[in-house]
Amino acid sequence: MADPITIKLPDGSEREYSSGTTLGEIAASIGKGLAKAAIAAKVDGERADLERPIDHDASVAIITADSDEGREVLRHSTAHVMAQAVTDLFPGAKYAIGPAIEDGFYYDFELPDGAHFNEDDLERIEARMREIVQADQPFEREEVERDAGLALFADQPYKVEIIERVEPDDSTEVGEGEVISVYRNPRDGADPFVDLCRGPHVPSTKRLGPFKLMKVAGAYWRGDERRPMLQRIYGTAWDSKAALADHLHRLEEAERRDHRKIGTELDLFSFPDELGAGLAIWHPNGAIVRRVMEDFSRAEHERAGYDFVFSPHIARSTLWETSGHLDFYADGMYPPMELEGATYYPKPMNCPFHILVYRSHLRSYRELPVRLFELGTVYRFERSGVLHGLLRVRGMTQDDSHIFCEPTQIVDVLRELLDFVLFILRAFGFTEFEAEISTRPKEKSIGADADWEMATQALFDAIEGSGLSYEVAEGEGAFYGPKIDIHLRDAIGRRWQLSTLQVDFQEPQRFELEYVGADNERHQPIMIHRALFGSIERFFAILVEHYAGALPSWLAPKQVTVLPVADRHDAYAFRIVDRLNAEGFRAELVDAAADSLGARVRRAKQEKVPYVLVVGDEDADAGSVGVNARGSDKPERGVPVDDFVARLAAEVTERA
RNA sequence: GCCGGGGUAGCUCAGUCGGCAGAGCAGCUCACUCGUAAUGAGCAGGCCAGGGGUUCGAGUCCCCUCCCCGGCUCCA
């Protein structure tokens, strides 16, 4: 008998096994159910296949499919099966890389003669994958020397490149150092399918969960736009049919909420071809929402002590040379206009203008912090492929502010800003926030190390006091300074990056900004760029998706539709509309001339109007209305008009 | 920008092999006057994204441009 080893389990218990016992056997010894559910395991925190034998004392945790780690294993294994299916169906196909990703997996391929996959191919590939699953091919791990690996994948150039690139700290795709691991799927009537992989994998193909191939897309090899574009197939894979169905349902839900679709349905905005890509016009319905958003923003900024400024849409090249934009972001700017011997550029940012406002007279430390605010419209020549409804446009309006302060004030200013951001975002019904601190980029940045360190530290200090959870994005800062971005989660759990607070030591230097300190000497202020909505367009799109178009009453383009039951109720209905409008609500009458009551109710509901009031004989007599609140399927009859007005007023005031 | 897929009435879409441009909804007119998610009848509505080409003939085939969609890359 082999030497005994002691295995520690996640519940703290310890069991003895003989050396050489496999992880699968350990799972089986714990319980029949676990043995059946197990697809991989962790040994001292490292993932491993179930067939791996253990020859030393260790902590072991069994991975089942219904865990995050389990699903990752399932997805990765499913990607292998897809690669096998593709190489079966498309002889000569090269397979590159195929990881598990959120909700699924993908695999990148290069087909012979530059061929492409089409939608029908996905069905064929999926059918072949199901055959492979039925064949119950085992996943067999093997470790080979680097040279043997290179020989094994001699006709797979992308695999060769991966092996050649493996470095000691690169543990993403294959094993470490000189030994690499491969997985084989033996099969009848052909050589085993073999792929380079770190593993672990499910024991055999029959253990895969339900999956579905979703779409085919181009993707650059190694994410580098100078490298060849490969054919990527995306799939989704889950541990149960119910989980797959849930996922597909979530996708449908996201589609249902798509702001581009709702924007057309509710007549909020459009992108006429005549304007050019990424340039929107706001229709009256969308414009009402935007105006309410902007009015709210202005009122709150005024209350928070901001000074309002305005600036033009273009400026001479000298401004952008001083600011550094022409050096760093000329590609993203609309091209110049030559006039009267000068060169003008549409503005991609508002900051240089605000800097000029600051610099318009000598500042005293007593004035600081100076907070300049503008709903400033900027133009950025985004690459055509990135445009996406109102979420990514070429012309947009930022709720932009630049705050100039003394270095000693920076933490306080940032704290105050974080409070302000959260207040504003909460007012729109968002409740879940996360922050991200971005530090100095490795390339393409300006400024002294000491400045960067000081600014970054100030961000950390400010956020510690805010109660926000945060993560650090190394090297993701702007070229002129580090930043905090605020992300939020919407009604279906999607995460959106919105607000940004950016510290900037560079622009004050470039524009030689000064203030006179208490010591009567000149000092350089620090500047903080910040936008809370980010851009009005983007925030509006997120709002539309968050509420699926059913905006809360204070934002809804139309708050009340009043429907007289028959012509003889028109006068009474009109009095109600009149009163609502006089009290500052957005109400409209739809008379009985053309359509039945049912049809008018239906249309008002489709317009997602918060309240549909129906008035008939009983109401005209009693001074009441029939109230249909959005989201409720049972109408309230005989509600006194005063009560309804009070209710709507409270809802709007409270932004409920 | 790159790869793939698209663009036909306001919207959603059909249009076969190259042979008269279609439907539903929306709109307008008329009738209906109705208590809660589609009353009926009728009428209009088109540079088939734009331009060029092939052809006796192009929504359909070819080329270019614009725009949209899904990804990749990018996002000061």
Side-chain angles (χ1 to χ4, degrees), chain A residues 106 108 114 116-119 214-234 258 260-261 264-265 267 270-279 320 323-333 348-351 378 380-389 391-394 398 441 444-445 476-481 483 497 500 502 504 506-507 529 534-535 538 563-570 591-607 612-619 625-628 632-638:
Chain A
Y106 68 77
D108 288 345
H116 297 285
F117 295 115
N118 61 42
E119 296 295 318
M214 302 299 287
K215 54 198 170 198
V216 52
Y220 298 110
W221 169 232
R222 301 196 85 91
D224 184 337
E225 60 185 316
R226 291 162 303 193
R227 307 295 304 270
M229 181 157 282
L230 305 176
Q231 294 276 299
R232 173 171 300 176
I233 298 176
Y234 284 94
D258 191 313
R260 294 165 301 185
K261 188 170 173 247
T264 303
E265 286 166 1
D267 199 16
S270 63
F271 287 92
D273 286 0
E274 292 89 335
L275 299 190
L279 299 169
W320 308 113
S323 70
H325 287 100
L326 278 178
D327 288 341
F328 283 87
Y329 288 102
D331 288 350
M333 292 171 71
M349 290 185 81
N350 301 300
C351 40
V378 298
R380 298 178 181 180
F381 197 76
E382 305 283 5
R383 294 165 84 177
S384 60
V386 308
L387 300 172
H388 185 91
L391 287 168
R392 193 85 180 265
V393 289
R394 284 181 173 162
Q398 298 177 304
K444 227 181 164 184
S445 73
E476 296 294 314
F479 74 91
Y480 50 70
K483 61 177 181 171
Q497 184 193 317
T500 179
Q502 309 184 347
D504 186 348
Q506 319 304 334
E507 296 293 321
H529 306 243
S535 87
R538 180 175 159 80
L563 305 178
V565 171
D567 285 351
R568 64 180 179 281
H569 309 119
D570 279 0
D591 67 34
D595 286 312
S596 67
L597 181 64
R600 286 176 290 148
V601 168
R602 176 182 148 88
R603 184 179 314 177
K605 295 264 184 188
Q606 280 177 334
E607 287 172 359
V612 180
L613 303 185
V614 173
V615 295
D617 291 327
E618 293 165 30
D619 297 297
V625 293
V627 177
N628 300 267
S632 156
D633 49 2
K634 44 178 193 294
E636 304 159 49
R637 292 286 292 270

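Quick note on labels: first sequence line is chain A, next is B, and so on, each numbered from 1.
Remark: B:rG40 base-pairs with B:rC30. Criterion, Watson-Crick or G-U wobble with two distances under 3.5 Å. If you check B:rG70 for Watson-Crick or wobble pairing at under 3.5 angstrom, you find it paired to B:rC3. With both pairing distances under 3.5 Å, B:rC75 is matched to nothing as a Watson-Crick or G-U wobble pair. When Watson-Crick and G-U wobble pairs are counted only if both distances are under 3.5 Å, B:rG22 pairs with B:rC13.
A:Glu476 pairs by the side chain to side chain donor-acceptor pair (under 3.5 Å) definition with nothing, not counting sequence neighbours. With sequence neighbours excluded, the residues forming a side chain to side chain donor-acceptor pair (under 3.5 Å) with A:Glu225 are A:Arg383, listed by chain and number. Residues satisfying the ring-ring contact (aromatic ring centres under 6.0 Å, His included) test with A:His325, not counting sequence neighbours, are A:Trp320. Applying the salt bridge (Lys or Arg N to Asp or Glu O under 4.0 Å) rule to A:Lys261 yields the partners A:Glu265; only residues at least two apart in sequence or on another chain are considered. Qualifying ring-ring contact (aromatic ring centres under 6.0 Å, His included) partners for A:Tyr106, counting only residues two or more places apart in sequence or in other chains: A:Tyr234. Among residues two or more places apart in sequence or in another chain, the ring-ring contact (aromatic ring centres under 6.0 Å, His included) test is passed with A:Phe117 by A:Phe90, A:Phe109. Residues passing the side chain to side chain donor-acceptor pair (under 3.5 Å) test with A:Gln506, sequence neighbours excluded: none.
As judged by a 4.0 angstrom heavy-atom cut-off over every strand, A:Gly278 is placed among residues touching the sugar-phosphate backbone only. Using a 4.0 Å heavy-atom criterion, one finds that A:Arg260 contacts the sugar-phosphate atoms exclusively. Base engagement by A:Asp619 is indicated by at least one non-hydrogen atom pair under 4.0 Å involving a base atom. Within 4.0 Å of A:Asp617, counting heavy atoms only, lies at least one base atom of the nucleic acid. Within 4.0 Å (heavy atoms only), A:Phe328 reaches no atom of the nucleic acid at all. Among the atoms of the strands shown, base atoms are found under 4.0 Å from some heavy atom of A:Gly332.
For A:Met229, counting side-chain heavy atoms from C-beta on, the closest listed nucleotide (B:rC2, B:rA37, B:rC34) is B:rC2. Side-chain proximity of A:Tyr234 to B:rA38, B:rC74, B:rG71: nearest is B:rG71. Checked against B:rU73, B:rA38, B:rU36, the side chain of A:Pro635 finds its nearest nucleotide in B:rU36. Here the nucleotide nearest the side chain of A:Arg568, chosen from B:rU33, B:rC72, B:rA76, is B:rU33. Taking the side chain of A:Ala478 as heavy atoms from C-beta on, and the options B:rA76, B:rC2, B:rA38, the nearest nucleotide is B:rA76. When each of B:rA38, B:rG1, B:rA76 is scored by its nearest atom to the side-chain atoms of A:Arg602, the top-ranked nucleotide is B:rA38. Distance from the side chain of A:Val386 is smallest for B:rU73 among the nucleotides B:rU73, B:rU36, B:rG71.
Remark: the separation of the P atoms in B:rC64 and B:rC3 is 12 Å, to the nearest Å. When the C1' atom is used for both B:rC2 and B:rA76, the distance is 23 Å, rounded to whole Å. A distance of about 14 Å separates the C1' atoms of B:rC48 and B:rG6, rounded to the whole Å. Rounded to a whole angstrom, the distance from the P atom of B:rG42 to that of B:rG24 is 11 Å. Comparing B:rU39 with B:rU33, their P atoms sit 15 Å apart, to the nearest whole Å. B:rG7 sits 10 Å from B:rC13 when the P atoms are compared, rounded to a whole Å. For the C1' atoms, the distance from B:rC17 to B:rC61 is 12 Å, rounded to whole Å. To the nearest whole angstrom, the two P atoms, one in B:rG59 and one in B:rU16, are 12 Å apart.
Inspection of the A:Gln231 and A:Asp108 side chains reveals no N or O donor paired with an N or O acceptor under 3.5 Å.
The only option from A:Leu613, A:Leu597, A:Val625, A:Val615 that meets the side chain to side chain contact (heavy atoms under 4.5 Å, CB included) definition with A:Leu563 turns out to be A:Leu597.
The distance from atom CG of A:Leu613 to atom C1' of B:rU36 is 12 Å, rounded to the nearest whole Å. Rounded to whole Å, the distance from CD on A:Gln497 to C1' on B:rC74 is 14 Å. We find that CG of A:Leu230 is positioned 12 Å from P of B:rU73, with the value rounded to whole Å. A:Arg392 has its CZ atom 16 Å from the C1' atom of B:rC69, to the nearest Å. As a whole-Å value, the separation of A:Leu387 CG from B:rC2 C1' is 14 Å. In this structure, A:Tyr329 places its OH atom 6 Å from P of B:rA76, rounding to the nearest Å. Atom C1' of nucleotide B:rG35 and atom CG of A:Leu563 are separated by 11 Å, given to the nearest angstrom.
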Under 3.5 Å, which N/O atoms of the protein pair with N/O atoms of nucleotides 25-32 of chain B?
| from | atom 1 | to | atom 2 | distance (Å) |
| --- | --- | --- | --- | --- |
| B:rG27 | OP1 | A:Arg603 | NH1 | 3.3 |
| B:rC32 | N4 | A:Ala593 | O | 2.3 |

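One finds no side-chain N or O of A:Arg383 lying less than 4.0 angstrom from the OP1 or OP2 phosphate oxygen of B:rC75. An OP1 or OP2 oxygen of B:rC34 is reached within less than 4.0 angstrom by no side-chain nitrogen or oxygen of A:Ser596. For the pair A:Lys215 and B:rG71, the criterion of a side-chain N or O lying under 4.0 Å from OP1 or OP2 is met. The phosphate of B:rC72 has neither OP1 nor OP2 within less than 4.0 Å of any side-chain N or O from A:Tyr106. OP1 and OP2 of B:rC68 both lie 4.0 Å or more from every side-chain N or O belonging to A:His388. Distances shorter than 4.0 Å separate none of the side-chain N or O atoms of A:Arg232 from OP1 or OP2 on B:rC2.
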Notebook entry, point to check: Can you give one letter per nucleotide of nucleotides 4-13 of chain B, 5' to 3': B if a protein heavy atom sits under 4.0 Å from the base, S if only from the sugar-phosphate, - if neither?
Noted result: S---------
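Using a 4.0 Å cut-off between charged side-chain N and carboxylate O, A:Asp617 and A:Arg568 make a salt bridge. Electrostatic pairing of A:Asp224 and A:Arg226 counts as a salt bridge here, judged by a charged N lying under 4.0 Å from a carboxylate O.
No side-chain donor-acceptor contact under 3.5 Å links A:Asp504 to the backbone of A:Gly481. Under the 3.5 Å distance criterion, the side-chain polar atoms of A:Arg232 are left unmatched by any main-chain donor or acceptor of A:Ala219.
Of all heavy-atom pairs spanning A:Leu387 and A:Glu382, the tightest one is CD2-CB, 3.9 Å.
With hydrogens and angles ignored, a donor-acceptor pair under 3.5 angstrom links the side chain of A:Tyr220 to the base of B:rG1.
Toward the 5' end of RNA chain B, the nearer of the two residues A:Gly385 and A:Phe381, judged by each one's closest nucleotide, is A:Gly385. Of the two residues near RNA chain B, A:Phe271 and A:Glu476, the one whose nearest nucleotide lies more 5' is A:Phe271.
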